[in-house]
Amino acid sequence: MISSQGGTLEEEASILAEVKSISGRRIEERRKRHRITQKQLAADVGIGVRWLREIESGNPKARVDDHIACAHALGLSSAHLIIPMLFLEHNMHFPRHFFLDDMQKLETLCVEFIANLSLKTFLQPGNGQKGPGSAGPAV
């Protein structure tokens, strides 16, 4: 189960390792589905083929930014990495069944929520910013 409630550093490292393992499988599956060779993807991302193999195998020493770069190059959402890490950081349980999907819908909802929250804050009166329709200083 992906949870860090009361988690030790070892448990958190284990969770992050699981996220990287799942990410590696997703990257490999997407690459194969699009009939892209490891050599092609590695060149597109700017890493070596050997390192790409490590990423796809889920090596826990692989860097998260390399996972994100590979996912991006394949048109795969990086939500499968970032959202579980946010849960981990806040000592919250991440629902495992979300890993089974592309998480594109969840990612879109998160981005829309943040954008709407930011817009609401911007439009609130008295927040020190001028929103639409605000009168500027008299000249």
Side-chain angles (χ1 to χ4, degrees):
M1 175 172 18
I2 296 201
S3 174
S4 64
Q5 295 170 343
T8 64
L9 290 176
E10 293 83 17
E11 288 172 333
E12 290 179 4
S14 172
I15 293 165
L16 186 55
E18 184 175 356
V19 169
K20 289 178 182 179
S21 176
I22 292 166
S23 173
R25 285 194 305 269
R26 294 184 82 107
I27 289 166
E28 181 179 24
E29 289 169 5
R30 178 65 64 100
R31 179 184 58 76
K32 287 180 176 180
R33 186 178 324 136
H34 289 282
R35 296 186 174 131
I36 298 171
T37 66
Q38 286 181 324
K39 185 176 180 179
Q40 290 170 317
L41 180 58
D44 288 347
V45 176
I47 60 175
V49 173
R50 185 173 180 203
W51 189 240
L52 177 59
R53 286 188 193 119
E54 294 293 322
I55 292 168
E56 289 185 348
S57 72
N59 183 335
K61 293 181 181 181
R63 297 181 343 197
V64 172
D65 58 326
D66 287 335
H67 280 265
I68 292 171
C70 289
H72 178 72
L74 293 167
L76 182 64
S77 169
S78 59
H80 68 280
L81 285 159
I82 295 171
I83 293 174
M85 289 188 329
L86 285 171
F87 274 75
L88 175 64
E89 186 174 320
H90 291 278
N91 297 321
M92 296 173 66
H93 171 75
F94 182 76
R96 186 167 180 73
H97 66 276
F98 283 138
F99 275 130
L100 303 176
D101 295 327
D102 184 19
M103 292 205 293
Q104 184 68 41
K105 177 75 172 164
L106 181 58
E107 180 182 28
T108 300
L109 289 171
C110 288
V111 170
E112 288 173 355
F113 175 80
I114 293 167
N116 288 334
L117 185 64
S118 179
L119 184 60
K120 286 178 187 175
T121 301
F122 176 75
L123 294 176
Q124 281 182 339
N127 68 356
Q129 297 179 357
K130 294 179 185 147
S134 296
V139 180

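T37 contributes a side-chain N or O that, together with a main-chain N or O of Q40, makes up a donor-acceptor pair within less than 3.5 Å. Between the side chain of R30 and the main chain of G75, a donor-acceptor pair closer than 3.5 Å is present.
Under the 4.5 Å side-chain contact rule for hydrophobic residues, I83 and M92 share a cluster. Following chains of ILVMFWY side-chain contacts shorter than 4.5 Å, one cannot reach V49 starting from I55, and the two form parts of different hydrophobic clusters. Linking Ile, Leu, Val, Met, Phe, Trp and Tyr residues whenever their side-chain heavy atoms come within less than 4.5 Å places L86 and L16 in a single cluster.
Looking only at side-chain heavy atoms (C-beta outward), V45 and D66 stay at 4.5 Å or farther from each other.
Screening D44, I47, L76 for a side-chain contact (heavy atoms from CB on, under 4.5 Å) with C70, the sole residue that qualifies is I47. None of R26, K20, R25, R31 except one satisfies the salt bridge (charged side-chain N to carboxylate O under 4.0 Å, His left out) rule with E56; the exception is R31.
Counting non-hydrogen atoms of neighbouring residues, nucleotides and ligands closer than 6.0 angstrom, the NE2 atom of H72 reaches no more than 12 such neighbours.
For the atom pair CD1 of I22 and CD of E18, the computed distance is 4.5 Å after rounding to the nearest 0.5 Å. In this structure, NZ on K105 lies 7.0 Å from OG1 on T108, to the nearest 0.5 angstrom. Here D65 contributes atom CG and S78 contributes atom OG; the two are 11.5 Å apart, rounded to the nearest 0.5 Å.
For the pair L81 and V64, the tightest heavy-atom approach, listed with the atom from each and the gap, is CD1-O, 4.3 Å. Scanning both residues, H67 and I27, for their nearest heavy atoms gives O-CD1, 3.7 Å. Considering every non-hydrogen atom in both A71 and S77, the closest pair reads CB-O, 4.3 Å.
In this structure, R50 does not pair ionically with E54, as no charged nitrogen and carboxylate oxygen lie closer than 4.0 Å.
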